[in-house]
Amino acid sequence: MTLSGVGLGPGEADLVTVRGKRVLENADVVYSPGRLSRTVALEHVDESKIGDLEFPMTRDEEKLRAAWKEAAAEIAPNARDGDVAFVTLGDPNVYSTFGHLRRTIDAFHPDVDLEIVPGVSAVTAFATALGVEIEAGAGLSLREAAGGHSPTGPDRMILFKVTDAPATHEGLAEANYEVTYGRRLFMEQGETLVTDDPAAIDQRDYYTLAYAEKADLQVERATAAFETDRTESEARSDGGREVSDDERAATERANGCEGGDCGHGGGHR
């Protein structure tokens with residue numbers, strides 16, 4: 001009998017992992033801490049299995065601790081008698097509410113078995129949505145930028161909780177960063193927006209992130225040589241004219257290496 005923290009991914013129901021979907025389908029109760037995670041979970045389980053939890057929107061630590069103790073007291077008996085899932089957007093261990101529940105369960109209900117099912121988080125989903133490549137060996141820092149904060153220093157950064165894009169952008173531009181913003185990436189709830197214009201994304205939204213890269217950053221990729229080789233090869237191909245498959249086949253037959261075997265030891269022996 002287990003309590004599973006299940007990462008639902010960024011918000012699109014078909015980005016839930018195969019394992020996550022299986023855990024949700026087999027759970028006796030699926031607890032959701034909020035409306036968005038509940039909406040995604042309902043794509044995989046019947047509403048009768050959903051157990052809603054109330055958490056106050058406050059920074060008061062006493063009130064938050066009381067809410068987590070109450071949630072743990074609700075969940076623990078069900079997790080002892082059956083299989084329970086607690087869903088969260090993204091990954092359960094990355095900027096997630098599940099960490100609070102896990103620590104509370106460990107403190108007050110240590111006999112409950114815990115399992116974590118990772119999910120696609122904005123840490124990785126942003127690269128695809130923004131068309132960014134983070135190559136092997138590159139450094140990448142994860143920072144918060146709530147309230148107009150502008151972290152600086154690393155060559156590349158992912159900034160979460162960008163709630164005042166114009167103010168954040170001002171500080172980043174002064175520090176010579178180029179910035180791309182993404183809002184509600186891979187989320188079914190709300191409009192997805194990708195832009196490098198902070199004015200276009202000035203409305204406060206918790207689900208906004210940014211990718212910042214130093215403008216003078218030089219990246220040498222080994223495969224960049226392939227682009228040069230291809231360009232030179234095209235220029236040599238009949239004065240830049242694209243060679244058709246029929247012409248290429250005729251040339252190979254004339255050279256006695258039909259089928260492209262010229263490059264394999266000089267043809268047949």
Side-chain angles (χ1 to χ4, degrees), residues 7-17 34-37 39-40 88-97 118-228 230-231:
L8 296 176
E12 291 184 351
D14 58 357
L15 285 178
V16 174
T17 66
R35 179 175 55 83
L36 295 183
S37 57
T39 299
V40 178
T88 176
L89 292 180
D91 183 276
N93 276 349
V94 181
Y95 285 84
S96 167
T97 55
V120 178
S121 77
V123 177
T124 51
F126 91 96
T128 297
L130 273 58
V132 173
E133 178 189 358
I134 307 299
E135 70 279 355
L140 183 66
S141 295
L142 180 64
R143 303 291 177 87
E144 280 196 31
H149 183 51
S150 302
T152 59
D155 289 338
R156 302 176 181 86
M157 296 183 294
I158 309 172
L159 307 179
F160 280 93
K161 305 178 183 178
V162 183
T163 54
D164 187 345
T168 294
H169 191 88
E170 183 177 355
L172 293 172
E174 289 178 357
N176 197 34
Y177 283 94
E178 294 179 345
V179 191
T180 304
Y181 299 91
R183 172 168 292 170
R184 296 189 173 248
L185 305 177
F186 295 105
M187 294 185 72
E188 294 178 350
Q189 307 85 1
E191 180 185 1
T192 295
L193 177 63
V194 175
T195 180
D196 58 6
D197 180 7
I201 203 162
D202 62 352
Q203 185 179 6
R204 179 184 175 90
D205 191 313
Y206 177 86
Y207 297 104
T208 301
L209 57 76
Y211 173 69
E213 181 178 289
K214 283 289 184 68
D216 55 359
L217 181 64
Q218 298 294 320
V219 179
E220 293 292 336
R221 296 186 176 95
T223 48
F226 294 158
E227 190 67 23
T228 301
R230 183 177 65 81
T231 302

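Computed from heavy atoms alone, side chains included, the values below leave out hydrogens, waters and symmetry copies.
Considering only heavy atoms from C-beta on, Glu174 stays 4.5 Å or farther from Ser150 through its side chain. Taking the side chain as every heavy atom from C-beta outward, Asp91 and Pro118 approach each other to under 4.5 Å. Looking at heavy atoms from C-beta onward, Tyr177 lies out of side-chain contact with Glu213 at the 4.5 angstrom threshold.
Residues Pro151 and Met157 come closest through the heavy atom pair O-CE, 3.0 Å. Nearest heavy-atom pair across Ala200 and Leu193 is O-CD2, 3.5 Å. Heavy atoms only, all atoms of each residue included: Pro10 and Ala125 are closest at CG-CB, 4.5 Å. Here the closest non-hydrogen pair linking Leu172 and Thr152 is CD2-CG2, 4.4 Å. Arg156 and Ala138 make their closest contact through NH1-CB, 3.4 Å (heavy atoms, listed as atom of the first residue, atom of the second, distance). Met187 approaches Glu12 most closely through the heavy-atom pair N-CG, 4.0 Å.
A side-chain donor-acceptor contact under 3.5 Å links Thr168 to the backbone of His149. In terms of modelled atom types and a separation under 3.5 Å, the side chain of Thr17 and the main chain of Gly119 share no donor-acceptor contact. Side chain of Thr124 to main chain of Ser121: a donor-acceptor pair is present (N/O by atom type, distance under 3.5 Å, no hydrogens or angles).
Considering CG of Leu36 and CG of Leu8, their distance stands at 10.5 Å, rounded to 0.5 Å. Remark: Thr128 OG1 to Leu185 CG distance equals 10.0 Å, nearest 0.5 Å. Here OG1 of Thr39 is found 9.0 Å from CG of Leu89. Values are rounded to the nearest 0.5 Å. Rounding to the nearest 0.5 Å gives a distance of 10.5 Å between OG1 of Thr180 and CG of Leu209. A distance of 9.0 Å separates CZ in Arg204 from CG in Asp164, rounded to the nearest 0.5 Å. Put simply, OG1 on Thr163 and CG on Asp202 are 12.0 Å apart, with the number rounded to the nearest 0.5 Å.
Exactly one residue among Lys161, Gln203, Arg183 makes a side-chain hydrogen bond (donor to acceptor under 3.5 Å, both in side chains) with Thr208. That residue is Arg183. Test Tyr95, Tyr211, Tyr207, Phe126 against Phe160 for ring pair (Phe, Tyr, Trp, His ring centres under 6.0 Å) and you get one pass: Tyr95.
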*Output, in order, the C-alpha distance, side-chain angles, deciding distance and verdict of side chain to side chain contact (heavy atoms under 4.5 Å, CB included) for Arg184 and Gln189.*
CA-CA 8 Å; Arg184 296 189 173 248; Gln189 307 85 1; 4.1 Å; yes
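Taking the six-membered ring for Trp and thresholds of 30 and 60 degrees, His169 and Tyr181 have ring planes inclined between 30 and 60 degrees apart.
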